[in-house]
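Here's the structure we're looking at; comments come further down.
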There are 2 protein chains.
Amino acid sequence: MRDPRLHCPLTFAVKAISGKWKLYILSMLSDGQPKRYSELRNTCENLTEKMLTSQLRELEQDGIICRKVYPEVPPRVEYMLTEAGSKLCVIFEPLYEWGLEYMKEVKPDKLHLLEMVKQRMA
Amino acid sequence: MRDPRLHCPLTFAVKAISGKWKLYILSMLSDGQPKRYSELRNTCENLTEKMLTSQLRELEQDGIICRKVYPEVPPRVEYMLTEAGSKLCVIFEPLYEWGLEYMKEVKPDKLHLLEMVKQRMA
DNA sequence: CAGCATCCCAGACGATACTG
DNA sequence: CAGTATCGTCTGGGATGCTG
């Protein structure tokens, strides 16, 4: 981390997950089960087809997910995490914990919302 | 990670480091020593004052760095990592390793550059 | 079903000049 | 020394409609 010329792998990693819907998509895929395009699309009404497609393409190009086309009619396309993608999701955990710890000092309002969702689920 | 409504701490963390010069600045500060504004600015000629200032402000607002002004003439301002910032930098390591591992399949050219820099340093 | 094409806008980013 | 201010550009993302 000391030499800025050396942190391009880190930059690569951060850029690879810096898209508005990428963490969302990865969270959908993180159970390891392949998901169809429509399956991903229908989980959130704010997610447009254009954005879903572009985010999927970028994740694919960065080797995080893979796209499998089945030669059927009607067409079926499934997306799932690659090995790289799975390992990436593991690394998210300490990052999540960090956010949880330090968000309360900076974005207490959002954290409050989070707590409400958690309670409603329990 | 399973429920997308729950990953806002992760989104917070990723957004907090998603600025063009943020990882660069954090790498400068990651030795724990406070750095002056000019010290940060002079390490890279592509980094403009506007960008340096804006990135520093955002990092400060997210609680990752702190800004200390010394009441002197000429003015002196130092930046250093907060506790949150230090912990964040530790988490970068597995992310860096991930990038190093999987960049070679996606961006072999950039990885090649990295190797050249390393060899020149050794 | 799983997309692409087109148009549009806000905000990120850059270049240059000025200041307490 | 450590910043603002102003301008221009470019890209990420949204809205809408069309297609193999």
Side-chain angles (χ1 to χ4, degrees), chain A residues 4 7-8 11-29 33-62 64-80 107, chain B residues 4 7-8 11-29 33-62 64-80 107:
Chain A
H7 66 198
C8 80
T11 304
F12 169 72
V14 172
K15 283 191 67 172
I17 57 178
S18 296
K20 182 158 185 184
W21 298 95
K22 289 187 183 175
L23 291 178
Y24 180 84
I25 292 170
L26 291 180
S27 77
M28 295 279 97
L29 296 177
Q33 299 303 313
K35 299 281 183 302
R36 299 183 62 161
Y37 182 86
S38 53
E39 213 170 342
L40 294 169
R41 190 192 50 205
N42 294 332
T43 51
C44 178
E45 55 180 18
N46 292 329
L47 174 53
T48 65
E49 295 182 338
K50 177 194 165 182
M51 281 314 294
L52 177 56
T53 304
S54 75
Q55 304 286 284
L56 287 170
R57 290 290 180 278
E58 290 179 22
L59 288 170
E60 189 189 2
Q61 282 174 23
D62 288 330
I64 294 171
I65 66 173
C66 68
R67 177 177 183 268
K68 187 166 186 184
V69 183
Y70 295 85
E72 304 172 359
V73 181
R76 181 159 61 109
V77 178
E78 286 184 351
Y79 295 90
M80 62 181 300
K107 311 265 185 195
Chain B
H7 66 198
C8 80
T11 304
F12 169 71
V14 172
K15 283 189 68 173
I17 56 177
S18 296
K20 182 156 185 186
W21 297 96
K22 289 187 184 175
L23 290 178
Y24 180 84
I25 292 170
L26 292 179
S27 76
M28 295 279 97
L29 296 178
Q33 300 302 315
K35 299 281 184 300
R36 301 183 61 158
Y37 182 86
S38 52
E39 212 170 343
L40 295 168
R41 189 192 53 205
N42 295 330
T43 52
C44 178
E45 54 179 19
N46 291 329
L47 175 52
T48 65
E49 296 183 338
K50 177 192 166 182
M51 281 314 294
L52 177 56
T53 303
S54 76
Q55 303 287 285
L56 287 170
R57 291 290 181 277
E58 289 180 23
L59 287 169
E60 189 190 2
Q61 281 175 24
D62 287 331
I64 294 171
I65 65 174
C66 68
R67 178 176 184 268
K68 187 166 187 185
V69 182
Y70 294 85
E72 303 172 0
V73 180
R76 181 158 61 109
V77 178
E78 286 184 351
Y79 295 91
M80 63 181 298
K107 311 265 184 193

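FYI, side chains are in, hydrogens and waters are out, and symmetry mates aren't considered; it's all heavy atoms of this structure. Naming: A, B, ... by sequence-line order, numbering from 1 per chain.
Phosphate contact (OP1/OP2 of C:dA2, side-chain N/O of A:Arg57, threshold under 4.0 Å): absent. When the side-chain nitrogen and oxygen atoms of A:Arg41 are compared with OP1 and OP2 of C:dG3, none of them lie within a distance under 4.0 Å. Taking side-chain N and O atoms only, A:Ser38 has a distance below 4.0 Å to OP1 or OP2 of C:dA2.
Residue B:Cys66 is tested with B:Glu78, B:Met80, B:Glu60 for a side chain to side chain contact (heavy atoms under 4.5 Å, CB included); the sole match is B:Met80. Each of B:Leu59, B:Ile25, B:Leu26 was checked for a side chain to side chain contact (heavy atoms under 4.5 Å, CB included) with B:Ile17, and the lone residue meeting it is B:Leu26.
Contacts of B:Tyr79 with the nucleic acid, taken as non-hydrogen atoms under 4.0 Å apart, involve only primed sugar atoms and P, OP1 or OP2.
Atom P of nucleotide C:dA2 and atom CD of A:Glu60 are separated by 15 Å, given to the nearest angstrom. Between the CZ atom of A:Arg36 and the P atom of C:dG3 there is a distance of 11 Å, given to the nearest Å. Atom P of nucleotide C:dG3 and atom NZ of A:Lys68 are separated by 15 Å, given to the nearest angstrom.
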>> Please determine whether salt bridge (charged side-chain N to carboxylate O under 4.0 Å, His left out) holds for the pair B:Lys35 and B:Glu39, giving the CA-CA distance in whole Å, both sets of side-chain angles, and the decisive distance to 0.1 Å.
In response: CA-CA 6 Å; B:Lys35 299 281 184 300; B:Glu39 212 170 343; 5.2 Å; no
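In 5' to 3' order, the nucleotides of DNA chain D bounding all contacts with chain A (an atom under 4.0 Å from a heavy atom) are D:dG13 to D:dG20.
Nearest heavy atoms, A:Val14 versus B:Ser18: CG1-OG, 4.0 Å. Here the closest non-hydrogen pair linking B:Lys20 and B:Gln55 is N-OE1, 3.4 Å.
Side-chain contact check for B:Leu40 versus B:Leu47: every heavy-atom pair is 4.5 Å or farther apart.
Counting only N and O atoms by type, the side chains of A:Thr53 and A:Tyr37 include a donor and acceptor under 3.5 Å apart.
B:Glu45 CD: 12 or fewer foreign heavy atoms inside a 6.0 Å radius.
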>> Treating primed atoms plus P, OP1 and OP2 as sugar-phosphate and everything else as base, which nucleotides of nucleotides 12-19 of chain C get B, S or - for protein heavy atoms under 4.0 Å?
In response: -BBB----
